[in-house]
There are 2 protein chains.
Amino acid sequence: MKATFRDVKADILEKITSGTWQPGSLIPNELDLAETYGCARATVNRAMRELADEGLIERRRKAGTRVRMAPVRQARFDIPIVRQEIEEQGAAYRYFLVSRAIVAAPDWLRARLTLAAGAEVLHLVCMHYADGVPYQHEDRWINLDALPQARDADFSELGPNEWLVSAIPYSDAEISFSATLADAEMADYLGSTEGAALFTVERLTWWQDKANTYVRLSFRHGHRMTTRY
Amino acid sequence: MKATFRDVKADILEKITSGTWQPGSLIPNELDLAETYGCARATVNRAMRELADEGLIERRRKAGTRVRMAPVRQARFDIPIVRQEIEEQGAAYRYFLVSRAIVAAPDWLRARLTLAAGAEVLHLVCMHYADGVPYQHEDRWINLDALPQARDADFSELGPNEWLVSAIPYSDAEISFSATLADAEMADYLGSTEGAALFTVERLTWWQDKANTYVRLSFRHGHRMTTRY
DNA sequence: TCCAACATTATGACTGAACTTATCGCTATA
DNA sequence: TATAGCGATAAGTTCAGTCATAATGTTGGA
């Protein structure tokens, strides 16, 4: 008796994992559950809402709540700042700015960022090292129309990643993962061989409906991104 | 006046993104906010709790709520069943079982799944096609100790992925992404060339504290996993 | 037979109040 | 001076009740 929303959640989850409530089957309504657990409906509601958020159950007004047929499993990844990622592994972080140039945006970038012809962008190439070993290669393009302050920023000490989070507190982003082959230049930077398989992250961010920056991060050979869910 | 939790959440978010509330600064307490928005404390609480879940703010009892210095951004990925993934792209799904064998678990697998010496596992190799084009290569190992039903299951029609979600409604999982090179055999399967960079997903799942299956999914060359956050 | 209007129902949201818990900062004691 | 204890505070949780909303199924009329 006197169940907390955590108790209720755990019990419902147990009923699902053990198979007592089969996928697709209807779960008792909130009022009934509140009575069986001896708590208020709001408590049951919170438990069920969290389970629905996690993709285990499906809720529809009037239709009731049912166990999902094919539970939509979601994995959550923390997207850390490189410095933090490296320091959390107990390694020493080092940053180096390889190049910095203001150029007219190439067409492929204009298309991605929705930029007018002839728009100027800041192109940065940086390296991130963990204990002196190459960790990540960063190829970043910043839209100077959206972020004119970047023109005067000095990226030789502070990485663009960290500069950006201080300049823009929050932004929408699209992130995508893929595998690419290291060309000769990338192999040099990352201390691997040409033709090595690299884990690559691309990210596009917006702020106030304006595309902000496009970045392509190439990790050293063998890098893995892991999470539990 | 009469703000919903969505209004409150949106307004707080706006204050953060616009920089009105700087990173690290303290946000008014729930009671004050409830008054300014003209709603109950529980409403403000829900808005703030969701923002805290999303990693934008940090809450501590007595200390109050503050805007995170470096917002921990999280990306959420749906982990779909291959069939669904392919069919949602509007392509025709085809499955083929390449091989099926019951073998003694190799040492590397025993280590991963915490299996006793000599434990038997079911080893499956499957291919998934989208519109006839190779999409994903699946190399799966099932712990027969934890899942004896798998011994009698016929995987020639139904893929192990789908069989598993019906056999086990829910499980804990560890998932990891990396980039690997296609060897000659994999290149044959995926219709690419040897030395191509492949996006690879490895997944280890548990059910009731027993390691269940280990699977290694290799996607065809050029595959990307994308999400917004 | 078809369909629009309506009552029903389960979830969704909000309120105002109470109680719980973690923790900060102060104070009194060793 | 260090620290153990204590009170105040803000978030965390729960409650019972109300109103809102979406979707379903039924009823009655054309």
Side-chain angles (χ1 to χ4, degrees), chain A residues 1-16 20-72 74, chain B residues 1-16 20-72 74:
Chain A
M1 280 297 131
K2 255 318 175 46
T4 69
F5 82 92
R6 255 173 260 275
D7 297 334
V8 175
K9 192 177 165 185
D11 192 72
I12 293 175
L13 202 130
E14 194 277 331
K15 282 208 166 55
I16 294 173
T20 309
W21 290 345
Q22 290 289 319
S25 67
L26 205 65
I27 286 177
N29 71 40
E30 294 190 349
L31 228 56
D32 290 349
L33 284 176
E35 199 167 336
T36 63
Y37 289 115
C39 64
R41 190 168 79 95
T43 306
V44 174
N45 182 278
R46 173 149 182 205
M48 300 254 270
R49 185 152 37 79
E50 291 196 359
L51 288 168
D53 278 346
E54 289 161 25
L56 272 120
I57 59 178
E58 214 176 353
R59 320 194 71 195
R60 261 171 44 230
R61 285 176 180 171
K62 162 78 183 177
T65 302
R66 46 186 68 235
V67 182
R68 284 194 94 109
M69 277 302 201
V72 178
Q74 312 185 305
Chain B
M1 279 297 130
K2 256 315 176 45
T4 69
F5 82 92
R6 255 174 260 275
D7 297 333
V8 175
K9 192 177 165 184
D11 193 71
I12 294 175
L13 202 130
E14 195 276 331
K15 282 207 166 54
I16 295 173
T20 308
W21 290 345
Q22 290 289 319
S25 68
L26 204 65
I27 286 177
N29 73 39
E30 294 191 349
L31 227 57
D32 290 349
L33 284 176
E35 199 168 335
T36 64
Y37 289 116
C39 65
R41 190 168 79 97
T43 306
V44 175
N45 182 279
R46 175 149 182 206
M48 302 255 268
R49 184 153 38 78
E50 291 197 0
L51 288 168
D53 278 346
E54 289 162 24
L56 272 121
I57 59 178
E58 214 176 354
R59 320 192 71 194
R60 262 172 42 234
R61 285 176 181 173
K62 158 79 183 175
T65 302
R66 47 185 68 236
V67 182
R68 283 194 94 110
M69 276 302 200
V72 178
Q74 316 186 302

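Order of the sequence lines sets the chain letters (A, B, ...), proteins ahead of strands, with each chain counted from 1. When reading the values below, keep in mind they use all heavy atoms of this one structure, side chains included, and skip hydrogens, waters and symmetry mates.
With distances taken from any side-chain atom of B/R59 to the nucleotides C/dG12, D/dA11, D/dT24, the minimum falls on D/dA11. Side-chain proximity of B/A63 to the nucleotides D/dA10, C/dC14, C/dC24 is greatest for C/dC24. When distances are taken from the side chain of A/A40 to each of D/dA16, C/dG12, C/dT15, the shortest belongs to D/dA16.
The distance between atom CD of A/E30 and atom P of D/dA16, rounded to the nearest whole Å, is 14 Å. Rounded to an integer number of Å, the gap from A/L33 CG to C/dG12 P is 13 Å. Rounded to whole Å, the distance from CG on B/D32 to P on D/dA11 is 9 Å. Remark: C1' of C/dC14 and CG of B/N45 are 13 Å apart, rounded to the nearest angstrom. Atoms CG (B/L31) and P (D/dG12) sit 14 Å apart, rounded to a whole Å. We find that CG of B/L51 is positioned 15 Å from C1' of D/dA11, with the value rounded to whole Å. Going from atom NZ of A/K62 over to atom C1' of C/dA13 covers 20 Å, rounded to whole Å. Rounded to an integer number of Å, the gap from A/E58 CD to C/dG12 P is 11 Å.
Residue contacts shown for A/R41 include a base, since a base heavy atom lies under 4.0 Å away. Residue A/R46 is classed as a sugar-phosphate contact, given heavy-atom separations below 4.0 Å to backbone atoms only. A/R66 comes within 4.0 angstrom of nothing in the nucleic acid, heavy atoms only.
Ranked by how close their nearest DNA chain C nucleotide is to the 5' end, A/A42 and A/M48 are led by A/M48. Along DNA chain D, the nucleotide closest to B/P28 and the one closest to A/R61 are compared, and the more 5′ of them pairs with B/P28.
Counting only distance, with no hydrogens or angles, the side chain of A/R66 and the backbone of A/E58 share no donor-acceptor pair below 3.5 Å.
A side chain to side chain contact (heavy atoms under 4.5 Å, CB included) with B/Y37 is found for exactly one of B/T43, B/I12, B/T4, namely B/I12.
Ion pair B/E54/B/R68 not flagged as a salt bridge, since none of the NZ, NE, NH1 or NH2 atoms sits closer than 4.0 Å to an Asp/Glu carboxylate oxygen. Remark: A/R49 does not engage A/D53 in a salt bridge, criterion side-chain N to carboxylate O under 4.0 Å.
The base of D/dT13 has none of its N or O atoms less than 3.5 Å from a complementary donor or acceptor on the side chain of B/R49.
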Notebook entry, point to check: Taking it one step at a time, do B/R6 and B/E50 satisfy salt bridge (Lys or Arg N to Asp or Glu O under 4.0 Å)?
Noted result: CA-CA 10 Å; B/R6 255 174 260 275; B/E50 291 197 0; over 6 Å; no
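Put simply, B/R6 has a side-chain N or O that comes within less than 4.0 Å of OP1 or OP2 on C/dA13. OP1 or OP2 of C/dA10 has not a single side-chain nitrogen or oxygen of A/T65 nearer than 4.0 Å. Note on A/T43: every side-chain N or O is 4.0 Å or more away from OP1 and OP2 of D/dT13.
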